[in-house]
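Written out below as structure tokens is the structure these notes cover.
Computed from a predicted structure; not experimentally measured. Numbers restart at 1 for each chain; the letters A, B, ... are given by sequence-line order, proteins then strands.
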Protein chains: 2
Amino acid sequence: MTSARELAYEVLQRGITSGQYPPGSWLREEDVAAEAGVSRTPVREALHRLQAEGLVQILRHRGAMVVGWTAEDLDHLYDLRVMLECYGVRRAAARCDDIDFPALWALCDEMDELLPHADEHDRQRLGQLCIDFHTTLQRASGNRQLLNLLPTVLGTPFVRQAFHHHTTADLERSFGHHREILEALQAGDGDWADGVMRAHLRHGRRSLQGMERHGQPAELGSETVIRSPDQPTLSSSPAPDIQTGTRAALPSARTTPG
Amino acid sequence: MTSARELAYEVLQRGITSGQYPPGSWLREEDVAAEAGVSRTPVREALHRLQAEGLVQILRHRGAMVVGWTAEDLDHLYDLRVMLECYGVRRAAARCDDIDFPALWALCDEMDELLPHADEHDRQRLGQLCIDFHTTLQRASGNRQLLNLLPTVLGTPFVRQAFHHHTTADLERSFGHHREILEALQAGDGDWADGVMRAHLRHGRRSLQGMERHGQPAELGSETVIRSPDQPTLSSSPAPDIQTGTRAALPSARTTPG
DNA sequence: GCGACACGGTTTGTATCCAACCAGTAGAGG
DNA sequence: CCTCTACTGGTTGGATACAAACCGTGTCGC
């Protein structure tokens, strides 16, 4: 059974990913609640989670705004993924017994099976499978803190939406990387696994190169720079400026493929 | 003005850090609400945030449990800090204009001023200042995603409580590192800054070595392995096992210094 | 004409209420 | 005596109601 909070979270994430809620737009709790068919309470919790993941920004007594992404942000995101996931896979290589190879190979099989004749819905599914693959892999790192960080770098609209932008050839190579990583891990070769993972992620970033042009500039908040006065952060110093929309904004594209 | 949610969050974090809520113990919303002087609603939101940061685990219809930490977890945490913060400081070195040197030097001054005759309360304050220092520093990295990850690695009980365990000599060296990092950044030397940061964090980890023995084993949940059935994670595969309490548990020590 | 102030509408923040769910327990049956 | 089952107490999940804060607008004064 799925909880109301997860329902609201999925509605929000899908809305942001699909472009229904473009960067710079305000998310009114009442509207989202109505769309998800739940009350405001779980919507609020979902919004707070999305803020922790960097997808929205909540301003007290004003509401939640979808944050805009730039090509630079995409670079930064992949920087972090390379660091964290290469570290994790290197650790996993030294802890082969903790790796759930059957599940991982099964994920590879399922992805390969889906790819050749994938429609839009299948693409969505491929994205989830890929996230599952990377998560299952990192679980073997034995680093719980790393697992806590993963949702923030894997749950972004890009990683989810990327599969609508990759070409089939790109995806074939990516899935090949997946299998090669598993081979490296079965051989217990951390260097090998690290290298493939690095290539895998850099290639993934590269094949999103064209994605920047798919974003439509945000209607709202042109030149708007929001200063969040009291973001619930752990620091007592003021929160950083977050600029929304515009510039080379990458507003998570639309559902229809390019 | 401080919101009820932040109030509840601080009460919880302080309670976990101080050992009032030891690992393995259940956090009943009603109790926490009464202690914080608010209603259950903001307490719930605070609990969810703490779960995202890995401090508690929420089980549906059962409640929130304080998770136990091991010496291994501490190693893993510092692994991540080294990776992320060295990356950030290296980037910052290339973007000197974005570094808020006045604020950083001021933080250094305040820490040096507090250290010589620091009582328990001052130690707490020192911990916050140190977190502020690192956060302010990383803000200059220009990587928003990195900033999103920081609370998870800086907000743990250890980083906060560490200052009650470090010796004064250790802290003096640490503060020296802080200043040296700033010097390196002013010189625009990323290698230098990276090196000092790496040393700074490794030294910090090392001088927490004795902290393991300060932890009392959790009373509850001996050998208890909780399988979280539906943790709100981004993966559709089952969540990892999280073991609570006992073993070489590191239950955030007590308020009185060693 | 311009600026400041006050008021109303709208949205969020918090408290309270009801329902669903889990765990432990008492009791019946084997 | 053990085991299985149904009940009950207590806690959380979610919905609703109320209070506080912000924004925009309109009016008054300069």
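- Here the C1' atom of nucleotide D:dG13 and the CD atom of A:Glu6 are 13 Å apart, to the nearest Å.
- Checking side-chain atoms of A:Arg95 against main-chain N and O of A:Ala140 turns up a donor-acceptor pair under 3.5 Å.
- Side chain of A:Ala4, nearest nucleotide from D:dG14, C:dT14, D:dA21: D:dG14.
- In this structure, the side chains of A:Thr136 and A:Phe101 stay at 4.5 Å or more apart for every pair of heavy atoms.
- Going from atom CG of B:Leu59 over to atom C1' of C:dA23 covers 13 Å, rounded to whole Å.
- One interatomic measurement links the two molecules: NE2 of A:His61 to P of C:dT12, which rounds to 11 Å at whole-angstrom precision.
- The separation between B:Asp31 atom CG and D:dG10 atom P is 13 Å, rounded to whole Å.
- Remark: the B:Thr70 side chain and the B:Asp73 side chain contain an N/O donor-acceptor pair separated by less than 3.5 Å.
- For residues 37-46 of chain B, proximity to DNA chain D is found at B:Arg40, B:Arg44, defined as any non-hydrogen atom under 4.0 angstrom from a strand atom.
- Distance B:Arg28 CZ to D:dG13 P: 14 Å, rounded to the nearest Å.
- A donor-acceptor pair shorter than 3.5 Å cannot be found between the side chains of B:Arg160 and B:Gln124.
- Under a 4.0 Å N-O distance rule, the pair B:Arg49/B:Glu53 qualifies as a salt bridge.
- As a whole-Å value, the separation of B:Tyr9 OH from C:dT14 C1' is 20 Å.
- Distance CZ (A:Arg62) to P (D:dC22): 10 Å, rounded to an integer number of Å.
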